[in-house]
Amino acid sequence: MEDSLTNFFEEYMGKESIFLDRKAVQSGFTPTNIPHRIEQINSLAGILAPALKGERPSNVFIYGKTGTGKTLVTKYVTENMANISLKNSLNLKVFYINCKIGNKADTEYRLFAQLCKEFGFADLPDTGLPTDVIVDKFKHLLEEKKVILIIILDEVDELVRKIGASILYKLPRLNADLKESEISLIGISNDLTFLDNIDPRARSSLSEEEMVFPPYNALQLQNILRERANIAFRKNVIDNGVIEKCAAHAAKEHGDARRALDLLRVAAELAERQNQTKIMITNIDDAEDKIDRDKIFDSIKTQPKQHKLTLFSIFEACSESSDRSVFTGEIYNKYIQYCSKVAAAPLTQRRVSDIIAELDMQGIINAKVMSRGRGGRTRKISLAMPSQSVPKLIELLKEGLNL
DNA sequence: CACCGTTCAGTTGAACTAAGCAACGGAATTCGG
DNA sequence: GAATTCCGTTGCTTAGTTCAACTGAACGGTGGA
């Protein structure tokens with residue numbers, strides 16, 4: 001047994017990897033060259049440039065669908081600026097904050113706590129302090145450091161949906177109290193309609209400048225993929241048509257470059273695991289399945305207990321029902337049953353209703369409010385994943401819940 | 001048949017509560033001199 | 001007598017609860033053609 005494991009590792013070490021530098025196809029990689037976004041880079045740079053002269057740049061609001069390079073371009077431009085400011089010892093700082101729910105910056109308190117943390121002020125309690133205290137602390141730090149601060153709020157739409165738009169004019173208004181420092185905001189949103197239905201005051205303060213990132217088309221995606229593939233892989237490990245297929249797949253889904261890169265990376269990983277020397281077209285289909293599965297697995301694994309319980313009830317109810325969709329009432333009944341089974345205190349229907357809405361937001365299920373005439377009003381809930389992965393997910397949940 | 005009030009089964013918003021935490025300030029304890 | 005520890009109080013955040021208003025299409029009854 002041990003021998004075979006040793007053999008495996010030795011064999012693995014001796015084998016030529018397909019990868020040269022895996023990082024280049026992983027998320028979070030900032031390439032030195034960003035194709036097809038020159039226009040956006042230039043205009044963002046133009047907007048932010050005054051910061052280098054000690055002036056407060058306009059607030060910017062950036063929107064575009066996922067994987068259109070919003071975060072990448074913003075990071076690229078601001079990192080460059082930060083470097084220049086470092087070289088010329090200017091007082092420019094850039095904080096990047098992801099406001100995705102569950103990302104510890106999803107309330108006003110936590111947002112400011114996170115900002116303080118960025119300043120290196122780490123030991124703030126999770127709860128117990130008044131929010132004002134934290135805000136004051138943050139102002140203090142700002143005044144102390146005397147900086148032009150650019151705050152990037154990624155996925156602001158989620159933050160605003162959770163705590164309201166007030167935060168959007170609260171932040172810029174801090175400038176009025178600051179003598180030595182200034183803040184400007186970059187808001188990034190996936191939701192194109194986000195600006196339409198928020199308070200006009202917040203809107204005007206956030207979107208002094210607006211930028212739209214259009215989706216990539218298939219050809220542009222191919223360029224992006226080739227560029228990254230050159231860094232990431234050995235020469236000649238990509239079979240003909242692989243890049244094209246990745247690009248085509250991702251282009252179908254609103255030109256999502258991240259998706260395209262994920263596809264390529266996972267396809268390569270699968271190829272490597274199967275001892276292939278080349279990435280084949282067939283690997284891509286497998287990769288697509290795997291990505292969808294993994295994404296759902298991950299997000300389900302990290303759900304809080306009550307959410308898991310609710311989700312489990314939904315799974316069970318859906319797989320029993322004929323058209324694979326159910327209404328809130330049935331789910332709540334099931335949920336109550338399972339609660340007593342695992343000896344958990346059941347939540348009220350009010351809360352479960354909210355949980356269902358949250359699960360919908362995260363794309364794990366589809367829930368649509370509908371009126372059934374005299375049948376009342378309810379959510380029609382169905383699963384957002386291919387049915388073949390459901391049994392595995394049920395197993396996963398059972399394990400997590402000790403059912 | 002068209003129109004209209006009723007009804008159902010939740011949805012949704014707002015106010016409230018419990019749990020867990022931090023800070024504050026005064027009381028109790030410790031301790032070295 | 002000063003320093004430290006302890007403890008109760010107050011006030012905060014956050015997740016969840018309670019209360020109640022609101023929703024919107026189908027149902028079923030009414031009146032008009």
Side-chain angles (χ1 to χ4, degrees), chain A residues 97-117 121-141 157-167 170-171 191 193-194 197-199 202 299-300 302-314 317-318 320-321 323 325-340 342-362 364-382 400-401:
Chain A
I97 295 200
N98 191 323
C99 311
K100 211 183 181 88
I101 30 179
N103 226 351
K104 65 205 166 187
D106 58 357
T107 66
E108 191 179 345
Y109 178 93
R110 295 209 264 247
L111 173 65
F112 278 103
Q114 201 66 25
L115 285 169
C116 290
K117 231 176 248 176
F121 196 85
D123 49 345
L124 284 170
D126 296 339
T127 168
L129 290 186
T131 306
D132 312 3
V133 171
I134 295 270
V135 176
D136 279 350
K137 179 86 219 168
F138 177 60
K139 275 196 239 171
H140 245 100
L141 286 167
D157 45 332
E158 294 211 24
L159 182 67
V160 168
R161 206 162 295 141
K162 187 150 181 232
I163 65 171
S166 62
I167 189 72
K170 210 160 198 170
L171 266 173
D191 180 359
T193 61
F194 168 65
N197 33 29
I198 64 171
D199 184 343
S299 67
I300 287 179
T302 55
Q303 293 292 330
K305 187 170 177 191
Q306 294 290 358
H307 293 232
K308 280 185 184 165
L309 223 36
T310 312
L311 196 52
F312 185 69
S313 313
I314 294 173
C318 277
E320 278 167 31
S321 95
D323 67 339
S325 69
V326 274
F327 300 112
T328 307
E330 304 165 47
I331 286 170
Y332 190 66
N333 291 338
K334 271 225 146 49
Y335 164 82
I336 296 279
Q337 283 173 28
Y338 289 124
C339 273
S340 63
V342 298
L347 301 177
T348 51
Q349 178 169 298
R350 176 71 184 81
R351 180 64 187 136
V352 171
S353 183
D354 278 349
I355 290 178
I356 291 172
E358 283 166 35
L359 291 172
D360 178 37
M361 277 269 299
Q362 294 171 43
I364 299 173
I365 58 174
N366 296 317
K368 215 173 109 202
V369 183
M370 60 178 295
S371 192
R372 289 180 299 161
R374 271 206 173 163
R377 223 163 117 80
T378 180
R379 281 199 176 87
K380 185 173 178 150
I381 297 152
S382 57
L401 293 165

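Below, chains carry the letters A, B, ... as their sequence lines are ordered, and counting in each starts from 1. Here the structure is a predicted model, which means the values were calculated and not measured.
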When you match A:Thr107 and A:Gly128 each to their closest nucleotide on DNA chain C, which lands nearer the 5' end?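 Closer to the 5' end of DNA chain C: A:Gly128.
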
Nearest-nucleotide comparison on DNA chain C, the residue closer to the 5′ end among A:Arg372 and A:Arg377: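 By nearest-heavy-atom nucleotide position, the 5'-most residue is A:Arg377.
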
Establish, with yes or no, whether the OP1 or OP2 oxygen of [N] is under 4.0 angstrom from a side-chain nitrogen or oxygen of [X].
| X | N | result |
| --- | --- | --- |
| A:Thr348 | C:dT17 | yes |
| A:Arg351 | C:dG16 | yes |
| A:Ser353 | B:dT12 | no |

Would you please test A:Arg161 and A:Asp191 for salt bridge (charged side-chain N to carboxylate O under 4.0 Å, His left out) and show each step? CA-CA 11 Å; A:Arg161 206 162 295 141; A:Asp191 180 359; 3.0 Å; yes

Quick one: does any side-chain atom of [X] pair with a main-chain N or O of [Y] as donor and acceptor, under 3.5 Å?
| X | Y | value |
| --- | --- | --- |
| A:Gln306 | A:Ala345 | yes |
| A:Ser353 | A:Gln349 | no |
| A:Thr378 | A:Thr328 | yes |

Side-chain donor or acceptor of A:Arg374 under 3.5 Å from a matching atom on the base of C:dG24?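 There is none.
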
Let's see if you can work this out: which of [options] has an atom nearest to the side-chain heavy atoms of [X]?
| X | options | result |
| --- | --- | --- |
| A:Arg110 | B:dG10, B:dA22, C:dT14 | C:dT14 |
| A:Ser371 | C:dA25, B:dT11, B:dA9 | C:dA25 |
| A:Arg350 | B:dT11, C:dT13, B:dT12 | B:dT12 |
| A:Leu129 | C:dG16, B:dA22, C:dT23 | B:dA22 |
| A:Phe327 | C:dT13, B:dG10, B:dT11 | B:dG10 |

Rounded to whole angstrom units, what separation is found between the [atom1] atom of [X] and the [atom2] atom of [N]?
| X | N | atom1 | atom2 | result |
| --- | --- | --- | --- | --- |
| A:Lys380 | C:dT23 | NZ | P | 23 Å |
| A:Glu108 | C:dT13 | CD | P | 9 Å |
| A:Glu330 | B:dA9 | CD | C1' | 12 Å |
| A:Ile134 | B:dC21 | CD1 | P | 16 Å |
| A:Gln306 | C:dT14 | CD | C1' | 15 Å |

Which sits closer to the 5' end of DNA chain B, A:Thr378 or A:Pro125, going by the nucleotide each is nearest to?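 Taking each residue's closest nucleotide, the earlier one in sequence belongs to A:Thr378.
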
Does A:Gly375 or A:Asp126 map to a spot on DNA chain B nearer the 5' end, using the closest nucleotide for each?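 By nearest-heavy-atom nucleotide position, the 5'-most residue is A:Gly375.
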
If you measure from the Lys or Arg side-chain nitrogens to the Asp or Glu carboxylate oxygens, is any gap between A:Arg351 and A:Glu358 under 4.0 Å? yes

